[in-house]
There are 2 protein chains.
Amino acid sequence: MNDEIPVVFVVDDEKAVRKSLARLIKSVGLNVQTFSSAREFLESDPSDSPSCLVLDVRMPGLSGLDLQNELDNVGYNIPIIFITGYGDIPMSVRTMKRGATDFLIKPVNEQDLLDAIHRAIEKDKQTRRERGEIRAIQQRVDSLTPREREVFSLVVTGMLNKQIAHDLGMSEKTVKVHRSRVMDKMQAGSLAELVKLALKVGIV
Amino acid sequence: MNDEIPVVFVVDDEKAVRKSLARLIKSVGLNVQTFSSAREFLESDPSDSPSCLVLDVRMPGLSGLDLQNELDNVGYNIPIIFITGYGDIPMSVRTMKRGATDFLIKPVNEQDLLDAIHRAIEKDKQTRRERGEIRAIQQRVDSLTPREREVFSLVVTGMLNKQIAHDLGMSEKTVKVHRSRVMDKMQAGSLAELVKLALKVGIV
DNA sequence: ACCTGTATTGCCCTAAGATCCAATTGAACC
DNA sequence: GGTTCAATTGGATCTTAGGGCAATACAGGT
């Protein structure tokens, strides 16, 4: 999934710009998908391969800024490279503070854009790697029963079985059984590993 | 140390700007220290209290951008708010990518600047908290003897005393002694806590 | 009624970790 | 030469953790 060919999404209302950007991006061996509006992009299917978004700031209908907000709201955080012909400093600063990876001005320097794209793709690969790992761990957590989850969260704070048993009002033996299942389901070979897994999914 | 009154450093070559910014910042109860050049700021003592830097981009001698680089190189990462009368988009983007917290244009809107300053101060407080914690943990690690450190790093991977003893060519008994000292010196009440400490200082 | 998953507990036994006491060796330092 | 510290090991004891086997209980679904 991560070794697929990266895709660059281009959203611009001018057909000539789309064509020229697509040609440039294809020339370095990357896949391209173009959209003539933010709406059109929002209605497309999220990509499974590493990707980034090259986005015109000013467009009829939803602007590039609107799209950035919208993607942020739905939690689809793809690296965004803005390109614009009219932007001002406050606009560029706002988008950068919201997490854009770059902000280029038209006419865009080809090498600058390609560099930005490569950085963005790398960044996306990295976040996909991390997310994938978190998801895998979270799935294991989800497979725990309610009781197992309780024991889990207390175990990783360093509490002894005895204390956990007292806290949850059960016998020490029961704690041991749950604890053992937790280690199994979480695929942890040791308490140390279990703690690391817990930290990665925020069960502190 | 963190509950001291925050300090805002102002670096601008124009005296009038310094005076006006200082007056504004003082008016909301913050301390101010002004500098007429980047050099002057670099030669001052780093602050112990939460602080941020309000920095003019264009100045004779070292520019604001140069100062940002220099501070980055020496690892003094104070939140920086740029202000400028002449800046362009690429410049603002470059500084933001390098970690500036804001980039405002002259004449600066007073409320915008104060908002930016408060955000920057909060950010600095946060990084100071985190750094302080890391430093405290690192000091404990530094108090470990070489052998204890070795045992430490193996313990937090989840290895058993027996395995550690074999790996390091010592008896299991010796491992236990080192391990016990590690728990003591690291002030960890349990293996779970020890693992958390190890992760915070990057001993994975 | 029957089966499954979850939760619970008891007893027993082994392995592992924690603690306390005690001792030896070598290197560094005064 | 004496002191201090790091590293090492042994023994004895106690506490924890983990696993096996067996059993009870309850809820939901077929």
Side-chain angles (χ1 to χ4, degrees), chain A residues 135-204, chain B residues 135-204:
Chain A
R135 246 199 313 275
I137 299 170
Q138 188 58 52
Q139 279 178 5
R140 299 181 214 164
V141 173
D142 293 341
S143 77
L144 298 178
T145 66
R147 220 42 168 162
E148 284 163 359
R149 220 165 318 214
E150 288 184 283
V151 171
F152 178 35
S153 67
L154 295 185
V155 164
V156 296
T157 67
M159 284 172 68
L160 300 178
N161 288 345
K162 192 187 300 185
Q163 303 173 296
I164 297 173
H166 178 263
D167 266 39
L168 300 181
M170 60 176 72
S171 84
E172 201 177 327
K173 173 63 189 179
T174 309
V175 177
K176 287 186 185 180
V177 174
H178 288 318
R179 183 173 184 149
S180 168
R181 282 205 207 295
V182 169
M183 295 294 288
D184 250 31
K185 291 188 179 177
M186 294 301 296
Q187 297 168 39
S190 63
L191 175 57
E193 287 179 37
L194 189 69
V195 172
K196 290 174 199 167
L197 294 174
L199 289 177
K200 284 181 183 169
V201 291
I203 299 184
V204 194
Chain B
R135 245 199 312 276
I137 299 171
Q138 188 58 51
Q139 279 178 4
R140 299 182 214 164
V141 173
D142 293 342
S143 78
L144 297 177
T145 67
R147 223 37 172 164
E148 284 163 358
R149 218 163 320 202
E150 289 184 281
V151 172
F152 178 36
S153 66
L154 295 185
V155 164
V156 296
T157 67
M159 284 173 68
L160 299 179
N161 288 345
K162 192 186 299 185
Q163 302 173 296
I164 298 172
H166 178 264
D167 267 40
L168 300 182
M170 61 176 72
S171 83
E172 200 177 328
K173 174 64 193 181
T174 311
V175 177
K176 286 187 186 181
V177 174
H178 287 319
R179 182 172 186 148
S180 166
R181 281 204 210 295
V182 169
M183 296 293 289
D184 249 32
K185 290 187 180 177
M186 294 300 296
Q187 299 169 38
S190 64
L191 176 57
E193 287 178 39
L194 188 69
V195 173
K196 290 175 198 168
L197 294 174
L199 289 176
K200 283 183 184 168
V201 292
I203 300 185
V204 196

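All of these numbers come straight from a predicted model, not from anything done at the bench. These numbers come from the heavy atoms of this one structure, side chains and all, not from hydrogens, waters or symmetry mates.
The phosphate of D:dT16 has neither OP1 nor OP2 within less than 4.0 Å of any side-chain N or O from A:N161. Dashed line: the shortest gap from a side-chain N or O of B:H178 to OP1 or OP2 of D:dA6 is not under 4.0 Å. The phosphate of C:dG17 (OP1 or OP2) has no side-chain N or O of B:S180 nearer than 4.0 angstrom.
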Let me have the donor-acceptor pairs involving side chains of residues 155-172 of chain B, under 3.5 Å, with sequence neighbours excluded, atom names and distances please.
{"unit_1": "B:T157", "atom_1": "OG1", "unit_2": "B:L154", "atom_2": "O", "d": "2.6"}
{"unit_1": "B:N161", "atom_1": "OD1", "unit_2": "B:R179", "atom_2": "NH1", "d": "2.6"}
{"unit_1": "B:Q163", "atom_1": "OE1", "unit_2": "B:L160", "atom_2": "N", "d": "2.8"}
{"unit_1": "B:S171", "atom_1": "OG", "unit_2": "B:K173", "atom_2": "N", "d": "3.3"}
{"unit_1": "B:S171", "atom_1": "OG", "unit_2": "B:T174", "atom_2": "N", "d": "3.2"}
{"unit_1": "B:S171", "atom_1": "OG", "unit_2": "B:T174", "atom_2": "OG1", "d": "3.0"}

Just list the side-chain donor-acceptor pairs under 3.5 Å for residues 197-204 of chain B, sequence neighbours left out, or say none.
{"unit_1": "B:K200", "atom_1": "NZ", "unit_2": "B:E133", "atom_2": "OE2", "d": "2.7"}

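In this structure, CG of B:L160 is placed 11 Å from C1' of D:dA17, rounded to the nearest angstrom. Here the C1' atom of nucleotide C:dT19 and the CG atom of B:D184 are 11 Å apart, to the nearest Å. Protein atom CD of B:E193 is 13 Å distant from nucleotide atom P of C:dA18, rounded to whole Å. If you measure from atom CD of A:E172 to atom C1' of C:dA7, you get 17 Å, rounded to the nearest angstrom. The CG atom of A:L194 sits 13 Å away from the P atom of D:dA17 (whole-angstrom rounding). Nucleotide D:dT15 holds its P atom 15 Å from the CD atom of A:Q163, rounded to whole Å. Per the geometry, CE belonging to B:M159 stands 11 Å off P belonging to C:dG17, to the nearest Å. To the nearest angstrom, C1' of C:dA16 lies 18 Å from NE2 of B:H166.
Side-chain to base pairing of A:K176 with C:dG10: no donor and acceptor N or O lie closer than 3.5 Å to each other. Interface remark: the B:K173 side chain does form a donor-acceptor pair with the C:dT19 base, using a distance-only criterion of under 3.5 Å.
Each of B:M170 and A:M183 lies near DNA chain D, and the nucleotide nearest B:M170 is the one positioned closer to the 5' end.
Here A:T174 lies in heavy-atom contact (under 4.0 Å) with a base.
Closest approach to the B:V177 side chain among D:dT9, C:dA16, C:dG17 is made by D:dT9 (side chain taken as heavy atoms from C-beta onward).
The CE atom of B:M183 sits 14.5 Å away from the CZ atom of B:R181 when rounded to the nearest 0.5 Å.
With hydrogens and angles ignored, the 3.5 Å screen pairs a side-chain donor or acceptor of A:E193 with a backbone N or O of A:G189.
No side-chain heavy atom of B:R140 sits less than 4.5 Å from a side-chain heavy atom of B:K185.
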